[in-house]
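In what follows, a structure is listed as structure tokens, so that the remarks can point back to it.
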2 protein chains.
Amino acid sequence: MTATAARTSARKRAGNGAARSIDADEIGLDALVGHAGYAVRRFQIWIFQDFVKTLGNVDIRPTQYSVLTVIGANPGLSQMAVAKRLGIERARLVHLLDSLEQRKLVRRVKSKTDRRSHALHLTPQGETALAKFKRLAAEHERHVEEKIGKENRERLLRILADFT
Amino acid sequence: MTATAARTSARKRAGNGAARSIDADEIGLDALVGHAGYAVRRFQIWIFQDFVKTLGNVDIRPTQYSVLTVIGANPGLSQMAVAKRLGIERARLVHLLDSLEQRKLVRRVKSKTDRRSHALHLTPQGETALAKFKRLAAEHERHVEEKIGKENRERLLRILADFT
DNA sequence: GAAAGATTGTTGTTGACGACAACAATTGTC
DNA sequence: GACAATTGTTGTCGTCAACAACAATCTTTC
């Protein structure tokens, strides 16, 4: 049905090996239009690009921002706790923290209660930097609002609240 | 305000270098809860994992599925057209098609009207395989529906329709 | 209290993916 | 016919998820 319709409209395009030049608009997505994952993926790419662009001057990427924010709101957390909360692998978090620690935004303090783990803290510079990052991130969020609409953004947040 | 509140509640956690073990639930996300990008990212990871798992037996990943679907619905397209339509880079599409062509699902036919380009077609096996992939993808989509609810999924698709 | 098992941080590898740059072959334009 | 643009290709780089293995350090169990 859907497949048949798509197939029929496609016939006029090329039955053999001719690649007619076509406007991207008239290329049907067929089954993809019914897949939430496809739309979400495209949207997520758009969001990431805007985030990276908006926070380009301070050189902070989404993942780094999420790590800084969680540490800032919960100082003293272990790497394991941060990784679990954000759904990041602990192996991956190691490199993220290496980078953030080199930039003097985060400190790994040896925990005295558990000598395996590190207690994560923002440095004073990290705190002021994070404040700036949050302002830029809010600006990015306004771009999202402009893109999909104020109400739609709120609906989206409600729908996906369980995943945070 | 939000920061102050988070900071205050965080104080009880660790003022120095003690990494108390904490349930992931009680770790505040602070500013992240207001960011659509964070929720979308987490959701998208969940979707991808379910897709990969559901189509695990046939060894098809989301990007491959999208390429096959578009070619199936628009036979004869050039690589450039497919890449543009799906937001994939043409350099990346080369490898995707190499893989799909090796698996005898897709054929690159030399175009006679433009000897630079290839007209992309599904092989007969590709057609029957895609039919199966679509059934599995529909099953995956039902998982999404179970996860966020029927109405929410439809709302989501409407909200993000412009990105497809 | 010692042995066995689990956890934490770390290092390394693999593969998918987006972004960019360069190139040859071909087409389009002036 | 010279010059610019397009198409497919190759290659590199950096981000990211997923594993596996390891040493150091708890925790459990006997």
Side-chain angles (χ1 to χ4, degrees), chain A residues 17-22 24 37-38 41-42 44-53 55-56 59-67 76-84 86-101 106 108-120, chain B residues 17-22 24 37 41-42 44-53 55-56 59-67 77-84 86-101 106 108-120:
Chain A
R20 219 191 78 205
S21 74
I22 301 176
Y38 179 71
R41 176 69 177 148
R42 298 296 300 259
Q44 197 253 322
I45 291 176
W46 184 90
I47 286 196
F48 255 58
Q49 286 172 340
D50 184 87
F51 188 100
V52 170
K53 197 194 307 172
L55 300 227
D59 191 31
I60 286 289
R61 297 181 54 83
T63 315
Q64 296 175 313
Y65 175 72
S66 70
V67 170
L77 284 186
S78 70
Q79 297 186 194
M80 197 60 210
V82 171
K84 248 192 239 161
L86 290 176
I88 303 174
E89 239 188 316
R90 62 188 203 282
R92 167 124 190 76
L93 188 58
V94 171
H95 299 298
L96 286 168
L97 289 174
D98 285 348
S99 159
L100 294 174
E101 204 171 24
V106 169
R108 286 190 248 226
V109 181
K110 286 187 220 165
S111 166
K112 291 169 183 174
T113 61
D114 186 339
R115 284 162 37 216
R116 291 171 303 181
S117 69
H118 295 156
L120 302 175
Chain B
R20 219 190 79 206
S21 75
I22 301 175
R41 177 68 178 148
R42 297 297 301 260
Q44 196 252 323
I45 291 176
W46 183 91
I47 286 195
F48 256 57
Q49 285 172 340
D50 185 86
F51 188 99
V52 170
K53 196 193 309 172
L55 299 228
D59 190 30
I60 286 290
R61 297 182 52 84
T63 314
Q64 297 175 313
Y65 176 72
S66 70
V67 170
L77 284 185
S78 70
Q79 299 186 192
M80 196 60 211
V82 171
K84 249 192 237 160
L86 290 177
I88 302 175
E89 237 188 318
R90 63 188 201 284
R92 167 117 191 79
L93 188 59
V94 171
H95 300 298
L96 285 169
L97 289 175
D98 285 349
S99 160
L100 294 174
E101 205 172 23
V106 169
R108 286 190 248 224
V109 180
K110 285 188 222 165
S111 165
K112 291 170 183 173
T113 62
D114 186 340
R115 278 156 48 209
R116 291 171 302 183
S117 68
H118 296 157
L120 301 174

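From a predicted model like this one, the values you see are computed outputs, not experimental measurements. Residue numbers start from 1 in every chain, and the chains themselves are labelled A, B, ... in the order their sequence lines are given, proteins ahead of strands.
Under 4.0 angstrom from either OP1 or OP2 of dA19(C) there lies at least one side-chain N or O belonging to Gln49(A). Look at Arg115(A) and you won't find any side-chain N or O under 4.0 angstrom from OP1 or OP2 of dA24(D). Residue Arg41(B) places at least one side-chain N or O under 4.0 Å from the OP1 or OP2 atom of dA17(D). When the side-chain nitrogen and oxygen atoms of Gln64(B) are compared with OP1 and OP2 of dA16(C), none of them lie within a distance under 4.0 Å. Put simply, Thr63(A) has a side-chain N or O that comes within less than 4.0 Å of OP1 or OP2 on dC16(D). Using a 4.0 Å cut-off, no side-chain N or O of Gln79(A) falls inside it from OP1 or OP2 of dT7(C).
Atom-to-atom, CE of Met80(B) to C1' of dT27(C) comes out at 15 Å; the value is rounded to the nearest Å. Taking atom CZ on Arg61(A) and atom C1' on dC13(D), their separation rounds to 12 Å, with Å as the unit. Taking atom CZ on Arg90(B) and atom P on dT10(D), their separation rounds to 13 Å, with Å as the unit. Remark: C1' of dA18(D) and CD1 of Ile88(A) are 14 Å apart, rounded to the nearest angstrom. Protein atom NZ of Lys112(A) is 16 Å distant from nucleotide atom P of dT25(D), rounded to whole Å.
None of Met80(A), Gln79(A), Lys84(A) except one satisfies the side-chain contact (heavy atoms from CB on, under 4.5 Å) rule with Arg90(A); the exception is Met80(A). With Asp114(B) as the partner, the side chain to side chain donor-acceptor pair (under 3.5 Å) test is satisfied by one option alone out of Lys110(B), His118(B), Arg116(B), Lys112(B): Arg116(B).
Nucleic acid contact class of Leu93(B) (heavy atoms, under 4.0 Å, all strands): none. Backbone-only contact: Ile45(B) has heavy atoms under 4.0 Å from sugar-phosphate atoms and none from a base. Within the nucleic acid shown, Glu89(B) comes within 4.0 Å of at least one base atom, counting heavy atoms only.
Comparing Arg116(B) and Pro62(B) against DNA chain C, the residue whose closest nucleotide sits nearer the 5' end is Pro62(B).
Not a single donor-acceptor pair, N or O on each side, falls under 3.5 Å between the base of dG18(C) and the side chain of Arg92(B).
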